[in-house]
Amino acid sequence: MHTDLSEKFGIEFPIFGFTPSEHVAAAISRAGGLGVLGCVRFNDAEELDAVLTWMDENTDGKPYGVDIVMPAKIPTEGASVDLNELIPAEHRAFIDRTLDQLGVPPLDDDAARNEGVLGWLHSVARSHVDVALKHPIKLIANALGSPPNDVIVQAHEHGVPVAALAGTAEHARRHIENGVDIVIAQGYEAGGHTGEIASMVLLPEVVEALGDSGAVLAAGGIGSGRQVAAALALGAQGVWMGSMWLTAAEYRLGARVEGKPSAMQEALLTATSSDTVRTRIYSGKPARLLKTKWTEAWNSAEAPEPLPMPLQNILVSEAHQRINNADNPEVVAMPVGQIVGRMNEIRPVADIIADLVDGFEEAVSRLDKIR
């Protein structure tokens, strides 16, 4: 499993692993892929700086990257306190009523309140870029399309290539015209923010649209070596995987009892590929989440329309905190792709990558026999 892109990045396998967990990202890099740390959860640039310093010290000198969130359309700016004033009272009342109905207890009086993910804001995302470029990162990816031109120029001045997710061939062409180096063709099956075209259709369209003008990574519905082989057969130079790492042994985010999976992981372990839903309730933009009692509540007749980014995430931020603390697998709020049906055990990252490589070799060998 070797491509021009794996050669360019100096990695053993063309497996790019996106994750909000620094422990998982570092493990992906150590195992021969390229770990990409999602930065959107860091409201404080100093906290991100500390985590990237940890990454520098725990990747064994292997390359890693970062993922930022800069929407093409600049959302409402402001501190969380200012933005809170824009949230309708009826939305807050629905949240409180729904959490009570689902049996989600309130936070302790002395608990720090989650102020929402301000990483959706351009100003915060720019601070993420500034901090990241002080570290030896090898890639900056933008989850919501092309970053602003000056950010692309800034990355290139530091010798760092830029990647951007695309849900159509036209999006992919625009990214390359804007100066993006790598397009991540993300199909409908993917977790988180995703478009409406399935990977099997989208990937060859993007590859044909770009020709030699830019490299393509395949994303959405990839969780086995056979699927990696299919992606490369369709013209991708590597794969971009996110959901699969949520059940990695190294994933430590979320409330948990030592030695046991978190409630989120328990929910993922028992889910099937049919147990996801594409909705705007997480961030204000369409994103695929695990289907739970929380997502079903937003489909009820009394549920209000989700707010635009970043107001929706600020609206649900404390709810997510309460849900996380409740430790109930039936009520979680987690982006995940349809590949969740394959995520049925907790395994170390190194084992996941080893299985991907073995499955790839088996698939290629099987194809050789039918030529």
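Counting from 1, the numbers follow the sequence of the chain as shown.
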Electrostatic pair [X]-[Y], nearest N-O below 4.0 angstrom:
X: D150; Y: R126; answer: yes
X: R278; Y: E196; answer: yes
X: R173; Y: E170; answer: yes

With under 30° as parallel and over 60° as perpendicular, where do the rings of H128 and F42 fit, or are they tilted in between?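 The arrangement is perpendicular - the two ring planes meet at more than 60°.
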
Distance flag, aromatic centroids of W245 and F18, threshold under 6.0 Å: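 For F18 and W245, the ring centres are not under 6.0 Å apart.
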
Quick check: F360 with F13 (ring centres under 6.0 Å apart)?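 For F13 and F360, the ring centres are not under 6.0 Å apart.
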
Establish whether [X] and [Y] are linked, either directly or via other cluster members, by ILVMFWY side-chain heavy-atom contacts under 4.5 Å.
X: I182; Y: I68; answer: no
X: L34; Y: L246; answer: no
X: V69; Y: I152; answer: no
X: V332; Y: L253; answer: yes
X: I222; Y: L234; answer: no

Would you give the length of the straight line joining atom [atom1] of [X] to atom [atom2] of [Y], rounded to the nearest 0.5 angstrom?
X: M241; Y: I353; atom1: CE; atom2: CD1; value: 8.0 Å
X: I28; Y: K62; atom1: CD1; atom2: NZ; value: 13.0 Å
X: D49; Y: W54; atom1: CG; atom2: CH2; value: 15.0 Å
X: L107; Y: R322; atom1: CG; atom2: CZ; value: 6.5 Å
X: I197; Y: L203; atom1: CD1; atom2: CG; value: 12.0 Å
X: M244; Y: L268; atom1: CE; atom2: CG; value: 11.0 Å

Side-chain heavy atoms of [X] within contact of [Y], under 4.5 Å:
X: Q186; Y: L217; value: no
X: N142; Y: L165; value: no
X: L37; Y: V51; value: yes
X: I87; Y: R92; value: yes
X: V349; Y: Y251; value: no
X: V340; Y: S273; value: no

Donor-acceptor contact below 3.5 Å, side chain H91 vs main chain E305: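 Present.
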
Test your reading of the model: is there a side-chain donor-acceptor pair from S6 to the backbone of P14, 3.5 Å cut-off?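 Such a contact is absent between S6 side chain and P14 backbone.
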
Do the side-chain N and O atoms of [X] and [Y] include a donor-acceptor pair separated by under 3.5 angstrom?
X: H320; Y: S317; result: no
X: Q227; Y: S224; result: yes
X: S199; Y: E189; result: yes
X: D181; Y: H156; result: yes
X: S127; Y: D130; result: no

Do you know which two heavy atoms are closest between A218 and A231, and how far apart they sit?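 Heavy atoms of A218 and A231 come nearest at CB-CB, 3.6 Å.
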
Identify the two heavy atoms, one from L202 and one from A169, that lie closest to each other, and give their separation to 0.1 Å.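 Heavy atoms of L202 and A169 come nearest at CD1-N, 4.3 Å.
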
Over 12 foreign heavy atoms within 6.0 Å of [atom1], [X]:
X: K138; atom1: NZ; answer: no
X: E46; atom1: CD; answer: no
X: Q101; atom1: CD; answer: yes

Could you tell me whether R288 sits above the aromatic face of Y188, with NZ or CZ closer than 6.0 angstrom to the six-membered ring centre and within 45 degrees of the axis?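 Judged by the rule, R288 and Y188 form a cation-pi pair.
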
Dump the intermediate steps for salt bridge (charged side-chain N to carboxylate O under 4.0 Å, His left out) on R97 and E302, then the final yes or no. CA-CA 11 Å; R97 188 165 60 248; E302 66 173 12; 3.7 Å; yes

Start with the C-alpha gap between S243 and M343, add the side-chain angles, then the distance that decides, and say whether side-chain contact (heavy atoms from CB on, under 4.5 Å) holds. CA-CA 9 Å; S243 297; M343 296 160 49; 4.0 Å; yes

